[in-house]
Asker: 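Below is one structure. I have some questions about it.
All values reported here derive from a predicted model rather than from experimental measurement.
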Amino acid sequence: NSNAEIVEYNVVATTHPAELTAPRFTDVRPPVIADDGSVWLFYGRGWDTSSTSSNRREQLYFKVLNPDGTVFKSETPIAPPPLTDESSTQSDLRSFLSGPVMDNEGRVWESFATDGGSGVENYYSIFNSNGSFYRDTIQTPTPRQFHLVDHDGNVWAQEQDKTLFLKPD
């Protein structure tokens with residue numbers, strides 16, 4: 001909507017959209033719609049450390065909704081936590097999401113990066129269909145983007161000039 005909030009429009013409530021994330025997000029990826037109709041949302045939220053500081057912090061989250069729009073898995077952080085000392089003069093912490101994919105077993109793969117001023121660190125996580133972590137934050141040497149899942153269950157990913165065919169194990 002015009003307030004940069006993610007809203008839901010379904011057949012029943014087209015005139016009364018429901019806010020899905022609050023407050024405003026900083027980065028949002030296309031949702032993943034599971035075979036059971038659940039909706040996986042991936043987004044980031046940013047804030048200034050104080051009214052007098054230009055330092056900025058960001059945190060990445062995911063949330064899973066039932067097909068009827070009720071919350072199945074509440075908002076959960078997925079990225080390494082932001083710098084804890086809000087008054088610190090350390091540089092900003094920025095986070096970036098890639099596009100998520102769902103594999104043949106119903107697991108969701110999402111890659112992301114953080115930049116705390118000392119260089120970009122790249123990660124990915126794999127989530128079970130119930131919203132728990134199958135593989136929690138795994139660091140990679142370069143950015144990894146997940147593109148698709150083939151009929152054999154291989155997750156196709158790209159890491160710089162390499163194409164990878166991955167299994168969750």
Asker: Can you check whether His147 reaches Gln158 side chain to side chain, under 4.5 Å on heavy atoms?
Answerer: yes
Asker: Does Arg144 come within less than 4.0 Å of Glu159, counting only side-chain N to carboxylate O?
Answerer: yes
Asker: Just so I know, are the side chains of Val71 and Leu65 near enough to count as touching, which here means a heavy-atom distance under 4.5 Å?
Answerer: yes
Asker: Quick check: do Tyr124 and Thr137 have side-chain heavy atoms less than 4.5 Å from each other?
Answerer: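 Not touching, per the 4.5 Å side-chain cut-off.
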Asker: Hey, any chance Leu148 and Phe165 share a hydrophobic cluster, counting ILVMFWY side chains that come within less than 4.5 Å of each other, even indirectly?
Answerer: yes
Asker: Given side chain to side chain donor-acceptor pair (under 3.5 Å), test Tyr134 with Glu105 step by step and report yes or no.
Answerer: CA-CA 11 Å; Tyr134 180 79; Glu105 302 297 319; over 6 Å; no
Asker: Could you list the residues that satisfy side chain to side chain contact (heavy atoms under 4.5 Å, CB included) with Phe133, not counting sequence neighbours?
Answerer: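 Expected list: Phe62, Thr76, Ile78, Ser125, Phe127, Asp136.
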Asker: Distance from Gln160 atom CD to Gln145 atom CD, nearest 0.5 Å?
Answerer: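 Going from CD on Gln160 over to CD on Gln145, the span is 11.5 Å.
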Asker: What distance separates Lys167 NZ from Asn104 CG, expressed to the nearest 0.5 Å?
Answerer: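 One gets 7.5 Å once the value is rounded to the nearest 0.5 Å.
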Asker: Within the 4.5 Å heavy-atom criterion, are Phe72 and Lys63 side-chain neighbours or not?
Answerer: no
Asker: Which donor-acceptor pairs under 3.5 Å do the side chains of residues 30-41 make with protein atoms, sequence neighbours left out?
Answerer:
residue : atom : partner : partner atom : Å
Asp36   : OD1  : Ser38   : N            : 2.8
Asp36   : OD1  : Ser38   : OG           : 2.7

Asker: Same cluster or not: are Ile138 and Val155 linked, directly or through other Ile, Leu, Val, Met, Phe, Trp or Tyr residues, by side-chain heavy atoms under 4.5 angstrom apart?
Answerer: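 As far as the 4.5 Å side-chain criterion goes, Val155 and Ile138 are connected within one cluster.
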Asker: Measure the CG-CG distance between Asn154 and Leu164 for me, rounded to the nearest 0.5 Å.
Answerer: 11.0 Å
Asker: Side-chain contact, heavy-atom cut-off 4.5 Å: Gln139 with Asn122?
Answerer: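 Not in contact.
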Asker: Keeping Asn66 on the side-chain end and Gly69 on the backbone end, is there a donor-acceptor pair under 3.5 Å?
Answerer: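 Flag not set: sc Asn66 to bb Gly69 has no pair under 3.5 Å.
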Asker: Looking at Asn130, is its backbone amide N or carbonyl O close enough to the side chain of Asn128 to form a donor-acceptor pair, meaning the two atoms are under 3.5 Å apart?
Answerer: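 Here the side-chain-to-backbone pair does not exist.
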Asker: Run the ring-centre check on Phe146 versus Trp156 and record whether the distance is less than 6.0 Å.
Answerer: no
